[in-house]
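Ligands are counted one by one from 1 in listed order, and the atoms in each one are counted from 1 as well. Keep in mind that what you see is a predicted model, and the values were worked out from it rather than measured. Note that the numbering runs from 1 along the sequence shown for the chain.
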Amino acid sequence: MDMQNFDGVVNAILAVIPNRETDLARLRRLIMAGTYPTITVIGKYNHGKSRLLNELIGHDIFSVADKRETLHLAEHIHQNVSWLDAPGLDADVAAVDDDYAFNAIWTQADIRLFVHSIREGELDAIEHQLLQQLVHDFQSSRRQTLLVLTQIDQMPDQQVLAHIQQSIAHQIPDLNALSVSATRHRQGIEKSKPLLVEKSGIVALQQALEFAISQVPTAREHEKLQLFKDMQQQINQLKVDQEHLQQKLQQTQQQQRQDFDEGLIKVLDKIREDLHPILDISGQDEALVPDSFATMFKNTVGKQQRAKVQIAYSRACIDMNSHLIRHGVVGLPEDQQTRVKSLDTVIVAVLGISVKFREHLHTLFFTDAERQRLQREFAFYFEKSAGREALVEQLNKIEKQLHDIAQAQTALKMLEDAV
Ligand SMILES: Nc1nc2c(ncn2[C@@H]2O[C@H](COP(=O)(O)OP(=O)(O)OP(=O)(O)O)[C@@H](O)[C@H]2O)c(=O)[nH]1
Ligand SMILES: [Mg+2]
């Protein structure tokens, strides 16, 4: 797989598990052919990280100074090992330096050399926390951390030195710290004093590193499998959760519609019952008898009948409208609204504005065709209501998410097959 494909695959995975960015960067490094075992120094600034690396390599490669010196990552390949010098960690410095250090520790390193100057006494809270994190990381990634106490030559009092060493051992019981002095080592080499070289602790550290380096290939295999497993698990869980949610929402969606439809049938049945006595008349429909000039202002039978029909129709509308409101249909969708606010109701949209006579009411509520139309059109507005549309939108999102999850699963599989 070339790097461009790799990016595409990684993006597909990150789309669903964005928290795995560091893991994927690490995976990329593990997959890259010919990556040397990488040793990264970590520690607070001015504790002697760069100088220690120089001593281990045997050349003054990395710059050393009595101030905050290393600001970027510096890499040097020596005897098929990549040595990485990183900026010192500190809570109070610009975050960008820490980004380099973070990248070195979590993406690049196979082995972490955690450097602490014994001059500073015990580990502080930041060092302690990071070391614990690294020890914990070993459980899953098998990446080793060596704790190195530097500048022991700066502690002339052996008792004080031993005391600090003990406290640190107590602080971080899972790691055996190695104590070293870069200056003693340098002097021993320059003056050909093997005793000084040995007392510097650098040789013991080199041996420990050699062993750690020999473990890197198996550790990497383990780490790769672990990373794939973890990500697969996370994606699978995501899928299970989304499918569960989808199912629940679909049930809700169905149930709501069923309740709406069944409730409407009941309302329409009740309207029929209510209308029966009003529509069921024998003989002439007095409501159709127009008022004459003479009876214009009189309370005629025709007027009474028309009022009765109107009231019955209004009741029917109120019944239908309260059903609509109960189910969240509170108005017309935006694209159907008019300039006349009082006409912007679903009832008007479905039943029209005309004055209803007995014949109309009969057609509206007692013929199958009209009844079905009412059911169909009210259901249409029901589906257009805000709550229903939000539900659909939510379901669409889940569908998209499930699609992305499927793609991420394929991408992860491709990645796994490629290595
Ligand atoms: N006496 C003594 N001094 C040391 C030892 N190791 C490092 N130093 C001195 O400590 C100072 C800091 O060393 P560096 O190696 O630059 O420290 P660093 O941790 O890389 O510092 P940053 O790059 O700023 O994070 C320098 O003056 C070194 O010479 C040691 O073992 N003994
Ligand atoms: Mg440095």
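- Within 4.0 Å of ligand 1, protein heavy atoms come from K44, Y45, N46, H47, G48, K49, S50, R51, V64, A65, D66, K67, R68, E69, T70, G88, Q151, D153, Q154, S181, A182, T183.
- In this structure the side chain of I105 reaches within 4.5 angstrom of the side chain of L134, judged on heavy atoms.
- The six-membered or imidazole ring of F357 lies away from that of H362, with a centre-to-centre distance of 6.0 Å or more.
- More than 12 heavy-atom neighbours from other residues, nucleotides or ligands sit within 6.0 angstrom of NZ on K341.
- Relative orientation of the H72 and Y100 rings is perpendicular, given thresholds of 30° and 60° on the angle between their planes.
- Atom CG of N176 has 12 or fewer heavy atoms from other residues, nucleotides or ligands within 6.0 Å.
- Summarising the local packing, NE2 of H128 is surrounded by more than 12 heavy atoms from other residues, nucleotides or ligands at distances under 6.0 Å.
- The environment of Q336 atom CD is dense: over 12 non-hydrogen atoms of other residues, nucleotides or ligands sit within 6.0 angstrom.
- The neighbour count for Q250 CD, taken as heavy atoms of other residues, nucleotides or ligands under 6.0 Å away, is above 12.
- Protein N/O/S atoms found under 2.8 Å from the Mg ion (ligand 2), listed by chain and residue number: S50 OG, T70 OG1.
- When atom types are taken as modelled, the side chain of Q207 and the backbone of A204 share no donor-acceptor pair closer than 3.5 angstrom.
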